[in-house]
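Hydrogens, waters and symmetry mates are skipped; everything else that's a heavy atom, side chains included, is used. Throughout, protein chains are lettered first and strands after them, A, B, ... in sequence-line order, and every chain is numbered starting at 1. Everything numeric in this text was worked out from a predicted model, so none of it was measured.
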Amino acid sequence: MRASSYFIPTLKEAPAEAEVPSHIFLIRGGFIRQLAAGLYEYLPLGYRVLKKIENIVRKHMDRAGALEVLLPILTPSELWQETGRWDVYGKELFRVEDRKGRMFALGPTHEETITDLVRKNIRSYKDLPKNFYQIQTKFRDEARPRYGLIRGREFIMKDAYSFDVSEEMAVKSYNLMKETYRKIFDELGLDYLMVEADTGAIGGKYSHEFVVKVPNGEAHIVYCEKCGYAANVEAAKYEFELDKLPPEEEKPLEKVHTPGVSSVTDVAQFLGVDEKKIVKTLVYILDDGTAVAVLIRGDRELNETKLINYFNVLDAHLASSEELEKLNIVEGFVGPIGLDIPVYADISVKDLHNFVVGANEKDYHYINVNIPRDFKPVEFVDFSTAREGDPCPVCKAPLKETTGLEVGHIFLLGTKYSEAMKAYFVDRDGREKPIIMGCYGIGVSRLMAAAVEQSHDENGIIWPESIAPFKLHILALNIKDSQIKDVAEQLYQKALGMGIEVLYDDRDISPGAKFKDADLIGIPYRIVVGKKVKEGKVELQKRGAEEKEEIKITDVEGFLQKLQ
RNA sequence: CGGAGCGUAGCUCAGGCGGUAGAGCACUGGCAUGGGGGGCCAGAGGUCGGCGGUUCAAGUCCGCUCGCUCCGACCA
């Protein structure tokens with residue numbers, strides 16, 4: 001491709017709204033442009049990258065035996081009503097009405113549609129297993145689209161759905177996808193982790209996320225370097241035993257005056273005790289309106305996902321001042337003793353002795369509290385958020401913490417959708433049974449951003465070879481110099497003839513501008529044709545590497561062969 | 001959805017004290033040049049987000065509205 005007839009509108013300055021490297025460089029490099037919040041246009045260069053990512057995903061999905069389909073983006077509301085998600089999915093669902101008043105959703109994901117297809121066309125165990133996938137534009141009316149391609153309202157996703165006759169077979173399908181995902185992300189050249197995850201609103205039995213390690217990522221991950229355990233903090237466990245305080249003789253319960261002192265730090269300081277001996281009492285309101293108290297040691301953070309899962313609700317929130325008042329609970333001095341609502345305790349409170357809690361009375365705390373002498377929680381549950389340094393739940397080595405960008409998520413769904421939508425098959429024994437499902441997503445357009453987040457420098461993008469828009473960039477530094485032009489032209493034709501994807505910068509602009517653009521665009525290999533042609537030499541460079549290498553023009557062919 | 005900020009040339013931004021709009025870069029033509037966004041000359045480009053109000057006069061003041069961004073909540 002000749003740069004002079006191509007379309008790469010690079011920018012010297014980043015648009016004011018771009019904050020993160022992938023957003024800045026994809027816009028500056030002429031890969032994408034923004035149309036509206038969360039909506040992006042893929043320009044020729046950007047679309048080349050996107051297609052490369054798609055094709056790598058497609059190749060590995062096909063090899064795994066998955067069957068590519070294309071489902072309508074518009075999905076009738078009736079299907080969403082069947083699974084209850086028309087209401088549950090909430091405002092994130094883009095809803096549209098046709099001229100007859102029938103409601104549709106712009107598909108944010110396609111469990112309903114594919115399950116409908118399968119229930120209408122699969123009747124027997126002989127038709128299973130099957131795994132259908134598609135690569136398609138998805139729509140989610142995000143409350144807050146941000147960071148360019150990382151969180152858009154319209155984005156490209158690969159979504160796959162497996163259908164099996166038994167849980168055992170479904171696990172096999174799930175594991176096959178797990179391996180397939182590894183191959184995909186390996187080939188994309190990304191540094192990623194596969195982590196245990198929470199299933200969230202999609203539901204199901206268990207799930208794993210694939211997370212690209214980037215600074216300031218949205219996903220918080222803990223992982224163990226020793227045994228390989230890794231999990232999203234939403235789902236992460238840790239081995240609490242190692243962090244327990246030593247046993248103590250029980251002292252008599254005492255109420256102490258603590259005027260205006262209510263935060264853990266303040267109470268610990270005021271009473272001169274370790275934060276680990278202060279127990280926080282958090283009042284949560286579940287989505288059915290029930291209030292529960294949850295105790296957790298002062299140095300630990302509560303994990304709302306664990307709480308929501310334990311109580312098997314869709315949502316829960318910390319009680320507001322008004323809600324506390326209605327319950328007759330004294331804000332800032334809440335404690336388990338004499339509380340009228342059910343009290344649950346995090347495992348961090350188990351075997352804790354002579355600790356401090358609020359006295360349910362303004363400006364008072366109890367000290368030397370002991371279980372079960374002074375109160376008895378309904379149950380001890382793991383409610384706390386794992387963090388760096390906590391012992392690994394598998395091997396007890398200290399956990400590490402990192403942030404990342406979720407680029408893939410796989411779920412073993414079980415029968416959630418097949419039962420709701422009556423997707424049954426007739427088994428070998430002649431009985432009708434629900435199909436066991438799994439679903440598997442990859443954020444294709446987000447991967448483009450993830451690759452840039454992970455691979456760039458201050459001058460621009462450094463594309464992994466597998467997804468670079470072109471493999472080779474030829475710069476003719478002075479196109480008016482006929483010798484330079486002839487040599488560059490020759491090399492370009494030769495590369496084209498060898499089937500190498502090459503971008504030839506034949507524009508009549510200054511050398512500096514060409515170098516800057518080349519760095520910004522980030523094509524892996526570069527041949528610079530300049531003054532040295534007079535000595536029969538050109539320069540080779542690899543994007544991201546400092547060194548330049550001068551080689552004889554006659555030797556370029558050998559270099560090109562390596563790029564084929 | 002709560003909080004905050006910003007909308008002036010293609011991009012980055014100035015002008016804010018009311019008096020008919022500017023810079024740098026980009027763009028067009030010309031000249032000189034050619035190894036890291038370089039120089040000189042000339043030019044084109046704007047209903048100052050929109051609607052309404054105050055005023056002799058509004059980019060500037062007031063009200064409403066739309067859009068974009070950031071923090072948080074939320075998020076397969």
Point to revise | Residue from Leu477(A), Asp486(A), Ile474(A) passing side chain to side chain contact (heavy atoms under 4.5 Å, CB included) with Val529(A) | key: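 The passing option is Ile474(A).
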Exercise for review: Could you tell me whether the phosphate oxygens of C75(B), OP1 or OP2, come under 4.0 Å of any side-chain nitrogen or oxygen in Tyr147(A)?
Suggested key: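 For C75(B), neither OP1 nor OP2 has a side-chain N or O of Tyr147(A) closer than 4.0 Å.
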Please give the distance between the [atom1] atoms of [N] and [M] as a whole number of Å.
{"N": "A4(B)", "M": "C41(B)", "atom1": "P", "result": "48 Å"}
{"N": "C71(B)", "M": "C27(B)", "atom1": "C1'", "result": "38 Å"}
{"N": "G34(B)", "M": "A23(B)", "atom1": "P", "result": "30 Å"}
{"N": "C25(B)", "M": "A21(B)", "atom1": "P", "result": "23 Å"}
{"N": "G16(B)", "M": "U8(B)", "atom1": "C1'", "result": "11 Å"}
{"N": "G2(B)", "M": "G59(B)", "atom1": "C1'", "result": "31 Å"}
{"N": "U60(B)", "M": "U54(B)", "atom1": "P", "result": "15 Å"}
{"N": "A9(B)", "M": "G36(B)", "atom1": "C1'", "result": "28 Å"}

Distance criterion of 3.5 Å, no angle test: do you see the side chain of [X] paired donor-to-acceptor with the base of [N]?
{"X": "Lys480(A)", "N": "G34(B)", "answer": "yes"}
{"X": "Asn478(A)", "N": "G35(B)", "answer": "no"}
{"X": "Arg144(A)", "N": "C74(B)", "answer": "no"}

May I ask you to decide whether [X] forms a salt bridge with [Y], counting only side-chain N to carboxylate O separations under 4.0 Å?
{"X": "Lys537(A)", "Y": "Asp555(A)", "answer": "no"}
{"X": "Lys532(A)", "Y": "Glu535(A)", "answer": "no"}
{"X": "Asp508(A)", "Y": "Lys485(A)", "answer": "no"}
{"X": "Arg2(A)", "Y": "Glu489(A)", "answer": "yes"}
{"X": "Asp481(A)", "Y": "Lys534(A)", "answer": "yes"}

Complementary nucleotide for [N] - Watson-Crick or wobble, under 3.5 Å:
{"N": "A14(B)", "value": "none"}
{"N": "G34(B)", "value": "none"}
{"N": "U20(B)", "value": "none"}
{"N": "C68(B)", "value": "G5(B)"}
{"N": "C75(B)", "value": "none"}
{"N": "A26(B)", "value": "none"}
{"N": "G46(B)", "value": "none"}
{"N": "U60(B)", "value": "none"}

Using a 4.0 Å heavy-atom cut-off, does [X] contact any base of the nucleic acid, only the sugar-phosphate backbone, or nothing at all?
{"X": "Pro108(A)", "value": "base"}
{"X": "Lys514(A)", "value": "nothing"}
{"X": "Ala143(A)", "value": "base"}
{"X": "Glu539(A)", "value": "base"}
{"X": "Leu93(A)", "value": "nothing"}
{"X": "Ala18(A)", "value": "nothing"}

In whole angstrom, what separates [X]'s [atom1] from [N]'s [atom2]?
{"X": "Arg28(A)", "N": "A26(B)", "atom1": "CZ", "atom2": "P", "answer": "13 Å"}
{"X": "Arg153(A)", "N": "C68(B)", "atom1": "CZ", "atom2": "P", "answer": "6 Å"}
{"X": "Glu535(A)", "N": "G35(B)", "atom1": "CD", "atom2": "C1'", "answer": "14 Å"}
{"X": "Asp517(A)", "N": "G38(B)", "atom1": "CG", "atom2": "P", "answer": "11 Å"}
{"X": "Asp481(A)", "N": "U33(B)", "atom1": "CG", "atom2": "P", "answer": "14 Å"}
{"X": "Ile24(A)", "N": "U12(B)", "atom1": "CD1", "atom2": "P", "answer": "12 Å"}
{"X": "Leu11(A)", "N": "G37(B)", "atom1": "CG", "atom2": "C1'", "answer": "12 Å"}
{"X": "Ile27(A)", "N": "U12(B)", "atom1": "CD1", "atom2": "P", "answer": "9 Å"}

Measure from the side chain of [X], starting at C-beta and using heavy atoms only, and say which of [options] lies closest.
{"X": "Lys91(A)", "options": "C68(B), G37(B), C1(B)", "answer": "C1(B)"}
{"X": "Arg151(A)", "options": "G37(B), A73(B), C75(B)", "answer": "C75(B)"}
{"X": "Arg146(A)", "options": "C1(B), C71(B), C75(B)", "answer": "C71(B)"}
{"X": "Pro15(A)", "options": "U69(B), U12(B), G35(B)", "answer": "U12(B)"}
{"X": "Lys12(A)", "options": "G34(B), G38(B), U69(B)", "answer": "G38(B)"}
{"X": "Glu17(A)", "options": "C75(B), C25(B), C68(B)", "answer": "C68(B)"}
{"X": "Leu477(A)", "options": "C75(B), U69(B), G35(B)", "answer": "G35(B)"}
{"X": "Ala36(A)", "options": "G36(B), C68(B), G34(B)", "answer": "C68(B)"}
{"X": "Pro511(A)", "options": "G35(B), C75(B), C11(B)", "answer": "G35(B)"}

Practice item. Sort out for me which residue in Tyr440(A), Tyr174(A), Tyr181(A) forms a side-chain hydrogen bond (donor to acceptor under 3.5 Å, both in side chains) with His208(A). Key: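 The single option meeting the side-chain hydrogen bond (donor to acceptor under 3.5 Å, both in side chains) with His208(A) is Tyr174(A).
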Point to revise | Non-hydrogen side-chain atoms of Arg387(A) and Glu301(A) separated by less than 4.5 Å | key: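 Result no, sub-4.5 Å side-chain heavy-atom pair not found.
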Review point. If each of Pro145(A) and Asn459(A) is mapped to the nucleotide of RNA chain B with the nearest heavy atom, which maps nearer the 5' terminus, i.e. the 5' end?
Key: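 Nearer the 5' end of the strand: Asn459(A).
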Practice item. Starting from the 5' end of RNA chain B, give me the residue, Lys138(A) or Ala16(A), whose nearest nucleotide shows up first. Key: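 Counting from the 5' end, the first nearest nucleotide belongs to Ala16(A).
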**Study point:** Mutual orientation of the aromatic rings belonging to His456(A) and Phe25(A) [parallel < 30°, tilted 30-60°, perpendicular > 60°]
**Key:**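 Tilted: the ring planes of His456(A) and Phe25(A) meet at 30° to 60°.
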